[in-house]
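One structure is given here, and the rest of the page talks about it.
Atoms within a ligand are numbered from 1 in the order they appear, just like the ligands themselves.
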Amino acid sequence: MTNYSDKKKLLLKILRESAGITDERVLAAIESIPREKFISHGALQTESWDDIALPIGEGQTISQPSVVATMTQELNLTDRHKVLEIGTGSGYQAAILSKLCRRVYTIERHKPLLEEAEKMFKDLKLANITTICADGMRGWPKIHGIDQHPFDRVIVTCAAREAPPPALIEQLCIGGVMVIPIGSPGEQMLKRYQKESDDTYSIRNIMPVRFVPLLPDVAGIKKVVAA
Ligand code: SAH
């Protein structure tokens with residue numbers, strides 16, 4: 001089995017020195033989650049600790065570690081927080097979050113990706129992650145009559161075209177923070193929204209990024225069109 005410890009050390013150095021990651025809890029979470037396990041394509045596992053995005057199937061990607069670390073740091077998490085993630089993908093970002101907050105609720109629209117991620121959570125004994133295959137644009141659904149919102153934090157790991165979906169702002173608590181990439185392909189900006197009241201929020205630009213798009217509906221389910 002490959003030993004990733006040198007690559008891991010180098011990545012942590014890059015995160016500290018070039019990516020502006022100063023939160024020791026975030027760095028410790030990155031160090032503790034085996035990123036190679038989330039890369040299912042064996043040939044690419046040797047690159048798992050490089051600071052690059054990699055393919056995870058269904059045309060989707062696992063984000064670059066420096067972007068995962070920046071988004072996580074911007075959320076300013078405590079172990080009391082309830083976090084909603086849109087775009088489970090490989091499950092890597094959710095695994096990092098799970099080390100830093102009380103509970104993670106994560107939504108993925110591609111069922112096969114979600115099933116792989118669920119296996120990983122089980123293998124790594126990450127018991128505070130709840131998953132669902134659904135359209136994350138609508139927020140976390142009511143299940144058996146139970147609502148989970150408001151969330152203290154929302155993280156969207158795919159890019160919305162113009163603005164955060166209204167349901168996600170609605171499900172954020174007052175004072176809560178959302179980190180989300182906004183923009184068209186090639187012109188996306190990672191933004192931090194802070195909800196100040198039911199209908200006001202402040203916005204700050206974090207950095208330019210490249211994410212796959214936030215898409216509506218669950219993948220592979222054909223819509224019934226009335227004749
Ligand atoms: N956080 C992931 C990154 C995955 S890429 C990781 O750590 O690996 C973004 C993911 O968002 C893709 O898997 C894509 O299928 C998913 N996605 C896009 N639109 C979505 C939506 N409306 N609801 C849920 N997931 C969505």
Side-chain angles (χ1 to χ4, degrees), residues 11 26 29-30 32-41 44-45 47-75 83-101 104-121 124 126 129-141 151 153-169 171 178-185 188 190 209-221 223:
L11 176 67
V26 173
I30 300 258
S32 73
I33 298 293
R35 193 166 189 266
E36 66 277 8
K37 293 215 158 112
F38 292 83
I39 314 290
S40 51
H41 193 303
L44 295 173
Q45 272 169 356
E47 295 175 71
S48 56
W49 287 90
D50 294 346
D51 193 20
I52 51 173
L54 290 167
I56 55 170
E58 307 289 340
Q60 307 302 317
T61 52
I62 177 171
S63 312
Q64 205 177 328
S66 55
V67 174
V68 172
T70 301
M71 292 176 87
T72 309
Q73 180 165 270
E74 288 287 344
L75 289 175
V83 181
L84 173 64
E85 180 195 30
I86 310 304
T88 319
S90 68
Y92 179 69
Q93 173 77 72
I96 301 286
L97 296 170
S98 79
K99 295 280 180 186
L100 299 168
C101 68
V104 182
Y105 293 83
T106 182
I107 309 180
E108 172 56 54
R109 66 188 289 279
H110 279 287
K111 193 125 206 253
L113 289 181
L114 191 65
E115 285 170 353
E116 282 298 303
E118 285 166 343
K119 264 191 231 149
M120 286 307 311
F121 301 151
L124 297 175
L126 304 173
I129 306 177
T130 307
T131 60
I132 191 172
C133 183
D135 175 4
M137 282 171 134
R138 298 159 185 250
W140 191 268
F151 294 98
R153 300 290 185 260
V154 174
I155 174 170
V156 184
T157 63
C158 34
R161 214 46 195 250
E162 286 169 1
L168 299 184
I169 300 257
Q171 293 197 346
M178 177 184 330
V179 174
I180 178 170
I182 307 273
S184 46
Q188 295 168 3
L190 185 62
V209 281
R210 234 180 243 231
F211 273 87
V212 296
L214 175 70
L215 297 172
D217 306 320
V218 169
I221 293 185
K223 273 195 177 163

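- Contact annotation for Pro213 and ligand 1: only backbone heavy atoms (N, CA, C, O) come within less than 4.0 Å of the ligand.
- Results of the side chain to side chain contact (heavy atoms under 4.5 Å, CB included) test with Leu84 over Ile155, Thr106, Ile107 single out Ile107 as the only residue that passes.
- Ranked by closest heavy atom to atom 8 (O) of ligand 1, the top entry among Gly57, Ser90, Gly91 is Ser90.
- Counting heavy atoms only, Gly87 comes closest to atom 1 (N) of ligand 1 of the residues Ala134, Ala159, Gly87.
- With rounding to the nearest 0.5 Å, the separation of OG1 in Thr130 from CH2 in Trp140 is 5.5 Å.
- For Thr106, the closest heavy-atom approach to ligand 1 does not fall below 4.0 Å.
- Rounded to the nearest 0.5 angstrom, Glu116 CD and Ile56 CD1 are separated by 10.0 Å.
- Contacts of Ala219 with ligand 1, taken as heavy-atom pairs under 4.0 Å, are absent altogether.
- Glu58 contributes no side-chain N or O that, together with a main-chain N or O of His110, makes up a donor-acceptor pair within less than 3.5 Å.
- To the nearest 0.5 Å, atoms CD (Gln45) and CZ (Arg35) are separated by 11.5 Å.
- At the top of the distance list for atom 12 (C) of ligand 1, counting protein heavy atoms only, stands Gln60 OE1, 3.2 Å.
- Within the model, atoms CD of Gln60 and CG of Leu113 stand 6.5 Å from one another, a figure rounded to the nearest 0.5 Å.
- Every atom of ligand 1 is numbered from 1 in the order shown, and the set under 4.0 Å from a heavy atom of Thr88 is 1 (N), 2 (C), 6 (C), 8 (O).
- Contact atoms of ligand 1 toward His110: 15 (O) (distance under 4.0 Å to a heavy atom of the residue).
- Atoms of ligand 1 found under 4.0 Å from any heavy atom of Gly136 (numbered from 1 in listed order, with element): 21 (C), 22 (N), 23 (N), 24 (C).
- Take Ala117 and apply the side-chain contact (heavy atoms from CB on, under 4.5 Å) test, not counting sequence neighbours, and it matches Thr88, Phe121.
- Protein heavy atom nearest atom 9 (C) of ligand 1, with residue, atom name and distance: Thr157 O, 3.3 Å.
- When each atom of ligand 1 is checked for a heavy atom of Ile62 under 4.0 Å away, the hits are 8 (O).
- Nearest-heavy-atom check against atom 24 (C) of ligand 1 across Met71, Arg138, Arg109 picks out Arg109.
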Is there a side chain to side chain contact (heavy atoms under 4.5 Å, CB included) between Ile33 and Phe38 once you walk through the steps?
CA-CA 9 Å; Ile33 298 293; Phe38 292 83; 3.6 Å; yes
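- Legend: residues meeting side-chain contact (heavy atoms from CB on, under 4.5 Å) with Pro216, ordered by chain and number and at least two apart, are Asp135, Met137.
- Within the listing of ligand 1, atoms 7 (O) sit less than 4.0 angstrom from a heavy atom of Tyr92.
- With a 4.0 Å heavy-atom cut-off, ligand 1 is reached by the side chain of Glu85 but not by its N, CA, C or O.
- Within the model, atoms CD1 of Ile86 and CZ of Arg138 stand 12.0 Å from one another, a figure rounded to the nearest 0.5 Å.
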Quick one: do Leu100 and Arg153 satisfy side chain to side chain contact (heavy atoms under 4.5 Å, CB included)? Show the steps, please.
CA-CA 12 Å; Leu100 299 168; Arg153 300 290 185 260; over 6 Å; no
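- Every atom of ligand 1 with a heavy atom of Val212 under 4.0 Å away is listed here by number and element: 5 (S), 9 (C).
- Counting only N and O atoms by type, the side chains of Gln93 and Thr157 include no donor and acceptor under 3.5 Å apart.
- What sits closest to atom 15 (O) of ligand 1 on the protein, heavy atoms only, is Glu108 OE2, 2.6 Å.
- When the heavy-atom distances from atom 3 (C) of ligand 1 to Leu97, Leu215, Thr61 are ranked, the shortest goes to Thr61.
- Ligand-side atoms of ligand 1 in range of Leu113: 13 (O), range being under 4.0 angstrom from any heavy atom.
- Residue-to-ligand polar distances place Asp135 within reach of ligand 1: an N/O pair is separated by less than 3.5 Å.
- Heavy atoms of Val68 found under 4.0 angstrom from ligand 1: none, in either backbone or side chain.
- Looking only at heavy atoms of the protein, atom 7 (O) of ligand 1 is closest to Gln93 N, 3.0 Å.
- The line from NZ of Lys119 to CG of Leu124 is 13.5 Å long, rounded to the nearest 0.5 Å.
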